[in-house]
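What follows is a single structure, written as structure tokens, with notes after it.
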Amino acid sequence: MIKLKLAIIEIIKLVIIFMTTILIVSYGLSLMQNEYQQRLRELEPEKAAEQVNLFNFFLE
């Protein structure tokens, strides 16, 4: 009975560790995705301006 109780406690510890790890990794991934989207938003106006300049250059 004591071994079963210890085994259950160890399993609960493992589940808590895995859940914490998954939570931390998913939080890190969401931060990376937000940073990437923010960088894209910063770069898109510059790219659009470059395309307009090139377009105007070829039309003239």
Side-chain angles (χ1 to χ4, degrees):
M1 188 70 175
I2 294 174
K3 289 183 180 181
L4 180 63
K5 195 173 188 179
L6 288 175
I8 291 174
I9 291 173
E10 291 298 321
I11 290 172
I12 291 172
K13 285 182 187 177
L14 282 175
V15 167
I16 291 172
I17 290 170
F18 282 130
M19 288 176 63
T20 306
T21 303
I22 289 171
L23 183 69
I24 291 170
V25 169
S26 66
Y27 179 70
L29 288 175
S30 69
L31 284 179
M32 288 170 52
Q33 183 180 13
N34 290 339
E35 182 71 22
Y36 178 73
Q37 288 176 352
Q38 183 178 359
R39 298 277 181 189
L40 280 181
R41 281 190 219 111
E42 291 173 358
L43 292 176
E44 282 178 2
E46 295 174 10
K47 287 183 180 178
E50 289 175 4
Q51 289 174 356
V52 169
N53 287 338
L54 287 174
F55 188 67
N56 289 336
F57 174 76
F58 285 118
L59 283 178
E60 293 177 354

Student check: side-chain heavy atoms of Q37 and N34 closer than 4.5 Å: yes

Side-chain donor-acceptor pairs under 3.5 Å in residues 7-17, sequence neighbours left out?
none

Atom pair CE/CD1 of M19 and I22 - distance to nearest 0.5 Å: 8.0 Å

